[in-house]
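A short write-up of the structure that comes next.
Since the model is a prediction, treat every value here as computed from it, not as a measurement. Order of the sequence lines fixes the chain letters, A, B, ..., with proteins taken first and strands second; residue numbering starts at 1 for each chain.
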Number of protein chains: 2
Amino acid sequence: MLFIRMVERKNDRIAEDRLSEILKAASDPTRRQILTLLAQHGPMRVTDIHRQFEISLNAISKHIKVLERGGLVVRRTEWREHMIEVQMDPLRLVDDWFAGLRSIWALRLEALDVLITDKGENDD
Amino acid sequence: MLFIRMVERKNDRIAEDRLSEILKAASDPTRRQILTLLAQHGPMRVTDIHRQFEISLNAISKHIKVLERGGLVVRRTEWREHMIEVQMDPLRLVDDWFAGLRSIWALRLEALDVLITDKGENDD
DNA sequence: GCATCAATCAACCATGTGGATGAATGATAA
DNA sequence: TTATCATTCATCCACATGGTTGATTGATGC
């Protein structure tokens, strides 16, 4: 049957790590707020983002770095100002992993259903 | 316009927390492996899950508790054995949040496009 | 009763995380 | 040059996390 595992090798170790980074980045409420803010307002400077929160500028800077590592945000450093822009693409990796999990799950139920039906036909 | 924010109140503080729990639970590679395993094999005992990993039974037990807190797994304690079952429903919360973010983003681009078009019409 | 099995609890350890503050870098503006 | 602004770097702190080992709880089977 050559499951989804077909492509799964050392290559996917990286994808796994990427997924972890993305999910971890998205798992913090403050970081999700930052993403929402950026989606609404478009590219913003670190300071402008900071203005919307109670916490220190440094904390914001750190959060942005985490988001950056997850690829959920890109930074265009224009001279002294860093423009931060939200990046939707990585979310697809999560979508895909969810889809994969769901299909594995559905496949099992399907197989189970066939088994039961077969048994019913043979046993009756 | 009464954005998506319509329903956003103290009620959504809980939803936010739920989302954080789910994403944090999913952000660990071992926990994702456990989910995949459960999706493939159906409900399993803690010990059986443990058999598939190198780490200690206790570590597995802890991971399961995290998954449980995120609702990604449910536990049916049948006498001394705890049957662990994967639960797909919470993933929808993540899907929905992604969808929301994407739509906010798309809406902004759309509005921006209208602005540019208007400007073009008036300025030319 | 006693050994065994399934699972958790308790403690501990190293490391990571979210926050703060203060100093440093680097460019702009006076 | 000096002051100011945007941002990061360096520390520090409290607490969470992923892992370990050892003890504990409860039910099973002899």
Discussion item. Restricting to non-hydrogen atoms, name the atom on A:G71 and the atom on A:Q87 that form the minimum distance, rounded to 0.1 Å.
Written reply: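 So the minimum-distance heavy-atom pair works out to O-CB, 3.4 Å.
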Fill in: Heavy-atom pair of closest approach, residues A:A26 and B:L23
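So the minimum-distance heavy-atom pair works out to O-CD1, 3.2 Å.
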Side chain to side chain, [X] and [Y], heavy atoms closer than 4.5 Å:
X      : Y      : answer
A:L109 : A:W105 : yes
A:F53  : A:L37  : yes
A:I55  : A:H63  : yes
B:L38  : B:I49  : yes

With a 4.0 Å limit, can you tell me whether [X] has a side-chain N or O closer than that to the phosphate oxygens OP1/OP2 of [N]?
X     : N      : answer
B:S56 : D:dT20 : yes
B:R75 : C:dA7  : no
B:H82 : C:dT8  : yes
A:R45 : D:dC5  : no

Fill in: Axis deviation across the helix from C:dG1-D:dC30 to C:dA30-D:dT1, five-pair ends, to the nearest 10°
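Angle reported: 0°, given to the nearest ten degrees.
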What is the distance, to the nearest angstrom, from the [atom1] atom on [X] to the [atom2] atom on [N]?
X     : N      : atom1 : atom2 : answer
A:H50 : C:dT21 : NE2   : P     : 10 Å
A:K24 : D:dT17 : NZ    : C1'   : 8 Å
A:L57 : D:dC5  : CG    : P     : 13 Å
A:F53 : C:dG18 : CZ    : P     : 14 Å
B:R69 : D:dA16 : CZ    : P     : 10 Å
A:M83 : D:dT7  : CE    : C1'   : 14 Å
B:R31 : D:dG19 : CZ    : P     : 8 Å

Discussion item. Name the residue from B:V66, B:V73, B:L72, B:L67 that meets the side chain to side chain contact (heavy atoms under 4.5 Å, CB included) definition with B:R69.
Written reply: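 Of the listed options, the one satisfying the test is B:V66.
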Worksheet item: Do any of residues 60-68 of chain A sit with a heavy atom less than 4.0 Å from DNA chain C, and if so which?
Response: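 A:K62, A:H63 - these, ordered by number, are the residues of the stretch whose heavy atoms sit under 4.0 Å from the strand.
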Discussion item. Once salt bridge (Lys or Arg N to Asp or Glu O under 4.0 Å) is applied, what residue pairs with a partner in residues 33-43 of chain A remain, sequence neighbours excluded?
Written reply: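 Every pair satisfying salt bridge (Lys or Arg N to Asp or Glu O under 4.0 Å) with a residue in residues 33-43 of chain A: there are none.
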Item to complete: Return each pair, listed once, that meets salt bridge (Lys or Arg N to Asp or Glu O under 4.0 Å) where at least one residue sits in residues 22-38 of chain B; pairs must be two or more places apart or across chains.
Response: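 The answer is A:E16-B:R32.
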Worksheet item: Should we say atom CD of A:E110 is surrounded by more than 12 heavy atoms from elsewhere, each under 6.0 Å from it?
Response: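 Incorrect, the count does not exceed 12.
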Discussion item. Listing request: all side-chain hydrogen bond (donor to acceptor under 3.5 Å, both in side chains) pairs with a residue in residues 89-98 of chain B, at least two apart in sequence or in separate chains.
Written reply: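 Found A:R102-B:D95.
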Practice prompt. Assign B:A59 to base, sugar-phosphate, or nothing according to its heavy-atom contacts below 4.0 angstrom with the strands shown.
Written response: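 Answer is base: heavy atoms of B:A59 come under 4.0 Å of a base.
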Could I get a table of every N or O pair under 3.5 Å where one atom is in the protein and the other is in nucleotides 22-30 of chain C?
residue : atom : partner : partner atom : Å
C:dG22  : O6   : A:N58   : ND2          : 2.3

Item to complete: With rounding to the nearest 0.5 Å, note down the distance linking CD in B:E21 to CG in B:L93.
Response: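 If we round to the nearest 0.5 Å, B:E21:CD and B:L93:CG are 12.0 Å apart.
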Practice prompt. Just compare C:dG18, D:dA6, C:dG19 and give me whichever is closest to any side-chain atom of A:I55.
Written response: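 Looking only at side-chain atoms, A:I55 lies closest to C:dG19.
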